[in-house]
Protein chains: 2
Amino acid sequence: MSTRDRLVESTRELLRERGYVGTSPKAIQQRADAGQGSMYHHFAGKQDLALAAIERNAEDLTALASEELSSPGAPVERIATWLRREREVLRGCPMGVLVQDPEIIASDTLRSPIAEHFEWLRGRLREILAEDGLDVRLADTLLAVLQGGYVLARAANSTEPFGDAVEGAIALLERATAD
Amino acid sequence: MSTRDRLVESTRELLRERGYVGTSPKAIQQRADAGQGSMYHHFAGKQDLALAAIERNAEDLTALASEELSSPGAPVERIATWLRREREVLRGCPMGVLVQDPEIIASDTLRSPIAEHFEWLRGRLREILAEDGLDVRLADTLLAVLQGGYVLARAANSTEPFGDAVEGAIALLERATAD
DNA sequence: GTCTATAAATTGATAGAC
DNA sequence: GTCTATCAATTTATAGAC
């Protein structure tokens with residue numbers, strides 16, 4: 001992996017672990033085993049690195065969700081497959097955590113790619129819900145269950161609330177479909 | 001308001017706006033119009049202030065939810081009242097945002113009061129769901145919808161996803177009750 | 001491309017006078 | 001109780017040699 005790539009991967013990890021405000025250029029360099037000069041050669045600064053990390057996050061997460069949501073099966077089955085994907089819940093959602101960071105929210109440059117990712121997911125879920133004639137607002141409900149599940153799990157320091165939240169939502173959805 | 005109280009209120013605001021990592025003692029003092037010496041007289045340091053702020057958050061939020069969830073009306077109606085309470089969505093949940101902060105998650109002292117608050121809410125919701133014979137796991141689903149709604153709203157810089165998530169959840173719940 | 005030096009500002013306290 | 005001084009460490013770079 002190139003120095004540049006190591007810097008981006010290091011930033012992705014640190015953003016997830018410590019947020020944007022809590023991540024220092026120095027920490028990024030150390031984890032990437034790169035020097036100060038090297039980092040500033042490849043990137044203009046902290047924000048530039050964060051942008052690259054967020055864009056790579058978006059690519060990865062879009063690819064995963066896209067595949068799950070397009071698999072064969074009934075609409076609700078595909079949604080359940082996506083919701084039940086194994087996640088490192090206690091580490092937080094790579095995108096969701098960022099949205100709580102004051103400096104990311106204050107910067108359209110950094111917030112936009114995150115907003116676009118959620119917007120894409122929402123659109124894809126709406127299409128699938130519409131196949132079954134379900135209320136398309138449920139796209140936001142399902143996304144919220146996932147993001148909120150992470151929050152509850154971290155508060156409790158346990159993955160249990162995440163699992164319960166997801167299973168509860170799937171059960172409600174199945175009942176709504178059985179008409 | 002006493003200097004001590006102003007310091008706590010100042011900390012509550014800053015924790016919500018900027019998180020724990022992003023909040024400096026200096027900023028707390030300036031917003032509270034208190035000097036350095038004054039702050040360190042009343043509190044042992046940043047963590048001590050955060051603890052006081054979190055505890056006051058918990059008191060306020062518990063009082064609000066307690067009242068809404070105990071109002072007259074059917075179980076699902078009471079839950080809907082609580083979910084539909086007007087919130088300053090784009091400012092984030094005073095408790096939920098904190099849970100994404102690396103130093104709060106790393107400190108049991110700071111995380112515990114937050115965990116207890118969610119635990120209390122979960123228990124209260126379970127009691128209410130049980131009244132209608134509903135799956136008690138839905139307590140976590142509903143809490144997650146709320147917390148996730150905040151996340152989606154902040155990502156989109158719009159309150160719309162929050163409203164859709166909540167209304168979608170209420171609609172599902174009403175349908176599940178109509179048996 | 002990578003390295004070292006330098007730096008102004010901020011962070012989170014402590015010390016001691018009033 | 002409140003104030004000012006001081007401080008070691010960190011933050012986020014920039015400059016310029018190699």
Side-chain angles (χ1 to χ4, degrees), chain A residues 1-56 97-98 100-111, chain B residues 1-56 97-98 100-111:
Chain A
M1 197 158 38
S2 70
T3 299
R4 205 198 131 88
D5 280 341
R6 287 205 315 281
L7 283 164
V8 174
E9 290 309 311
S10 161
T11 305
R12 289 177 76 183
E13 289 172 19
L14 283 164
L15 284 182
R16 186 169 183 181
E17 287 170 26
R18 307 209 28 98
Y20 183 78
V21 165
T23 295
S24 70
K26 191 182 176 187
I28 295 173
Q29 295 152 28
Q30 288 176 338
R31 189 171 298 208
D33 200 25
Q36 184 112 335
S38 188
M39 192 199 93
Y40 282 104
H41 169 74
H42 291 289
F43 298 93
K46 182 176 166 175
Q47 172 169 328
D48 194 27
L49 263 160
L51 186 55
I54 290 171
E55 284 169 348
R56 209 169 278 186
V97 266
L98 298 181
Q100 306 284 21
D101 192 289
E103 302 195 3
I104 287 186
I105 284 304
S107 153
D108 272 350
T109 307
L110 294 179
R111 190 185 53 78
Chain B
M1 196 159 37
S2 69
T3 298
R4 205 198 132 89
D5 281 340
R6 287 203 316 281
L7 284 164
V8 175
E9 291 308 312
S10 160
T11 305
R12 290 177 74 182
E13 289 172 20
L14 282 163
L15 284 183
R16 187 169 182 182
E17 287 170 25
R18 308 210 25 100
Y20 183 79
V21 165
T23 296
S24 70
K26 191 182 176 185
I28 295 173
Q29 294 152 28
Q30 288 175 338
R31 188 170 297 209
D33 200 25
Q36 183 111 336
S38 189
M39 192 199 94
Y40 281 104
H41 169 73
H42 290 290
F43 298 92
K46 182 176 167 175
Q47 172 169 330
D48 194 28
L49 264 160
L51 187 56
I54 290 171
E55 284 170 349
R56 209 169 277 187
V97 271
L98 298 181
Q100 306 284 23
D101 193 288
E103 300 194 5
I104 286 187
I105 283 304
S107 153
D108 272 350
T109 306
L110 294 178
R111 190 185 54 78

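Convention: sequence-line order gives letters A, B, ...; per-chain numbering from 1.
For dT2(D), one of the phosphate oxygens OP1 or OP2 lies less than 4.0 angstrom from a side-chain nitrogen or oxygen of His42(B).
Between Leu49(A) atom CG and dA13(D) atom C1' there is a gap of 13 Å when expressed in whole angstrom units. Distance Arg18(B) CZ to dG12(C) C1': 16 Å, rounded to the nearest Å. dG1(C) atom P lies 18 Å from atom CG of Asp33(A), rounded to whole Å. The separation between Asp48(A) atom CG and dT12(D) atom C1' is 14 Å, rounded to whole Å. Rounded to whole angstrom, the span from the CG atom of Leu14(B) across to the C1' atom of dT11(C) amounts to 15 Å.
Going from atom CZ of Arg31(A) over to atom CZ of Arg6(A) covers 13.5 Å, rounded to the nearest 0.5 Å. The distance from atom OH of Tyr20(A) to atom NZ of Lys46(A), rounded to the nearest 0.5 Å, is 5.0 Å.
Across Leu110(B) and Ala50(B), no two heavy atoms sit closer than the pair CD2-CB, 4.0 Å. Annotation for Ser10(B) and Ala27(B): closest pair OG-O, 4.4 Å, computed over non-hydrogen atoms. The two residues Asp101(A) and Gly19(A) make their nearest non-hydrogen contact at OD2-C, 3.7 Å. Here the closest non-hydrogen pair linking Phe43(A) and Ala52(A) is CE2-CB, 4.0 Å. Residues Arg56(A) and Asp5(A) share a closest heavy-atom pair of NH2-OD1, 3.0 Å. Between Val21(A) and Pro102(A), the shortest heavy-atom distance links the atoms CG2-CG, 3.8 Å.
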Letter by letter from the 5' end, nucleotides 13-18 of chain C scores (B base, S sugar-phosphate only, - none; protein heavy atoms under 4.0 Å) BB----
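A 4.5 Å side-chain heavy-atom check between Arg18(B) and Glu103(A) finds at least one atom pair inside the cut-off. Under the 4.5 Å side-chain criterion, counting only non-hydrogen atoms from C-beta, Arg12(A) is in contact with Glu9(A).
A heavy atom lying under 4.0 Å from DNA chain C marks the following residues of residues 3-12 of chain A, by number: Thr3(A).
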Could you go through nucleotides 8-10 of chain D and list every protein N or O atom that sits under 3.5 Å from one of its N or O atoms, giving the distance for each pair?
none

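Judged purely by atom type and a 3.5 angstrom limit, Thr11(A) has no side-chain atom pairing as donor or acceptor with the backbone of Leu49(A).
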